[in-house]
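The block underneath contains the structure these notes are about, expressed in structure tokens.
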Amino acid sequence: MSTHGSSQMELEALRSIYEGDECFKELGPTVFQYRVGDIGELKAFLIEISWPETYPETAPNISMNAFFNNQISQALKQDIIDKLQEQVEANLGTSMTYTLFEYAKDNKEELMEKHQPFSNTITLIGSDGTVEATNANQPNKKKEKKEQLTKAQKRKLADKTDHKGELPRGWNWVDVIKHLSKTGSTEDD
């Protein structure tokens, strides 16, 4: 059997404590997940704890990278992990996985207090947190405006080119292009 007697004992304890608890998942003899809250619940989150070889003398690894947490901002995940790390330091050298899961359960409201689901803050969509998705709000308005602009620009251009498509002498293409890009058209005809 494993030389890590204490973690073997903890593993058996965890299995019996959480037997029949569908929130608890044993992904392997040293990797455990616990879902705090119900599926579909706004403030639910999932923590994953894995034990290094020298656990519990060494701190376990705490992760919130599970797909289940994809509605939670990176900053908030870090926040929750930091709070769990404080518990780890207080319990180093003892079997602490149960303590950590229970801490997360007992403090769920406080830990998730700052949670803003992404559906309210469309800006947070892009994987890198950029504002790329804001125009998902009103695609129609944006599009119409752009087309109107482009037609107006084409008309302006036509006036300048006396409708034959020839630019009067001395008219500088670079200025036309600059002018176009200033007004926001990105059409390459």
Side-chain angles (χ1 to χ4, degrees), residues 1-139 142:
M1 258 194 139
S2 148
T3 46
H4 306 302
S6 59
S7 56
Q8 185 59 37
M9 276 170 61
E10 181 173 3
L11 174 60
E12 281 159 20
L14 283 170
R15 283 175 178 158
S16 63
I17 292 166
Y18 292 118
E19 195 184 348
D21 183 342
E22 55 165 37
C23 296
F24 176 76
K25 267 207 186 75
E26 182 186 320
L27 303 184
T30 58
V31 186
F32 311 94
Q33 282 186 344
Y34 197 86
R35 190 184 77 234
V36 179
D38 293 322
I39 290 176
E41 192 186 320
L42 201 55
K43 298 207 165 159
F45 60 95
L46 192 148
I47 46 181
E48 184 176 307
I49 292 180
S50 51
W51 299 345
E53 288 237 334
T54 45
Y55 172 85
E57 278 67 48
T58 314
N61 301 309
I62 302 172
S63 157
M64 288 189 68
N65 294 336
F67 182 74
F68 186 84
N69 295 328
N70 66 349
Q71 290 285 351
I72 302 171
S73 72
Q74 208 43 60
L76 185 56
K77 286 182 195 172
Q78 197 46 60
D79 234 24
I80 293 174
I81 289 172
D82 289 347
K83 293 213 172 72
L84 288 165
Q85 293 291 6
E86 286 168 20
Q87 299 302 307
V88 169
E89 279 155 34
N91 292 286
L92 213 51
T94 65
S95 305
M96 67 182 98
T97 303
Y98 171 76
T99 312
L100 294 173
F101 286 155
E102 291 304 302
Y103 170 83
K105 269 164 55 175
D106 294 343
N107 295 279
K108 178 178 94 170
E109 290 301 319
E110 189 195 326
L111 292 172
M112 291 293 281
E113 189 182 13
K114 300 194 192 94
H115 177 49
Q116 285 292 328
F118 284 174
S119 48
N120 299 350
T121 41
I122 295 218
T123 24
L124 290 176
I125 288 178
S127 51
D128 48 357
T130 50
V131 190
E132 59 189 295
T134 34
N135 51 9
N137 275 341
Q138 10 160 277
K142 271 235 162 75

Indicate the atoms forming the closest heavy-atom contact of [X] with [Y], along with that distance.
X    : Y   : answer
Y55  : S7  : CD2-CB, 4.2 Å
L100 : P60 : CD1-CG, 4.1 Å
S50  : V31 : CB-CG2, 3.9 Å

Validation row: [X], [Y] side chains within 4.5 angstrom (heavy atoms):
X   : Y    : answer
P56 : S6   : yes
F68 : I39  : yes
L42 : M112 : no
T97 : L14  : yes

Show which side-chain atoms of residues 19-30 pair as donor or acceptor with protein atoms under 3.5 Å away, not counting sequence neighbours.
| from | atom 1 | to | atom 2 | distance (Å) |
| --- | --- | --- | --- | --- |
| D21 | OD1 | C23 | N | 2.8 |
| D21 | OD2 | Y34 | OH | 2.7 |
| E26 | OE1 | R15 | NE | 2.8 |
| E26 | OE2 | R15 | NH2 | 2.8 |

List the residues meeting side chain to side chain contact (heavy atoms under 4.5 Å, CB included) with [X], not counting sequence neighbours, and say none if there are none.
X    : value
K114 : L76, D79
S95  : E10
E102 : Y18, Y98, K105

Quick one: which residue pairs count as a salt bridge (charged side-chain N to carboxylate O under 4.0 Å, His left out) with a foot in residues 54-78, not counting sequence neighbours?
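For residues 54-78: none.
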
With sequence neighbours left out, what residues match [X] under salt bridge (Lys or Arg N to Asp or Glu O under 4.0 Å)?
X    : answer
K43  : E109
E41  : K108
E110 : none

Polar side-chain atom of N69 near backbone of M64 as donor-acceptor pair, under 3.5 Å:
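Answer holds: yes.
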
Let me have the donor-acceptor pairs involving side chains of residues 80-94, under 3.5 Å, with sequence neighbours excluded, atom names and distances please.
| from | atom 1 | to | atom 2 | distance (Å) |
| --- | --- | --- | --- | --- |
| D82 | OD1 | Q78 | NE2 | 3.0 |
| N91 | ND2 | Q87 | O | 2.7 |
| T94 | OG1 | N91 | O | 2.5 |

[X] side, atom [atom1]; [Y] side, atom [atom2] - distance, nearest 0.5 Å:
X   : Y   : atom1 : atom2 : answer
R35 : L46 : CZ    : CG    : 7.5 Å
N65 : N70 : CG    : CG    : 11.5 Å
L11 : W51 : CG    : CH2   : 5.5 Å

Mind running side chain to side chain contact (heavy atoms under 4.5 Å, CB included) on F101 and V36 for me, showing each step along the way?
CA-CA 8 Å; F101 286 155; V36 179; over 6 Å; no

What pairs with T58 under side chain to side chain donor-acceptor pair (under 3.5 Å), at least two apart in sequence or on another chain?
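Side chain to side chain donor-acceptor pair (under 3.5 Å) check on T58 returns T54.
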
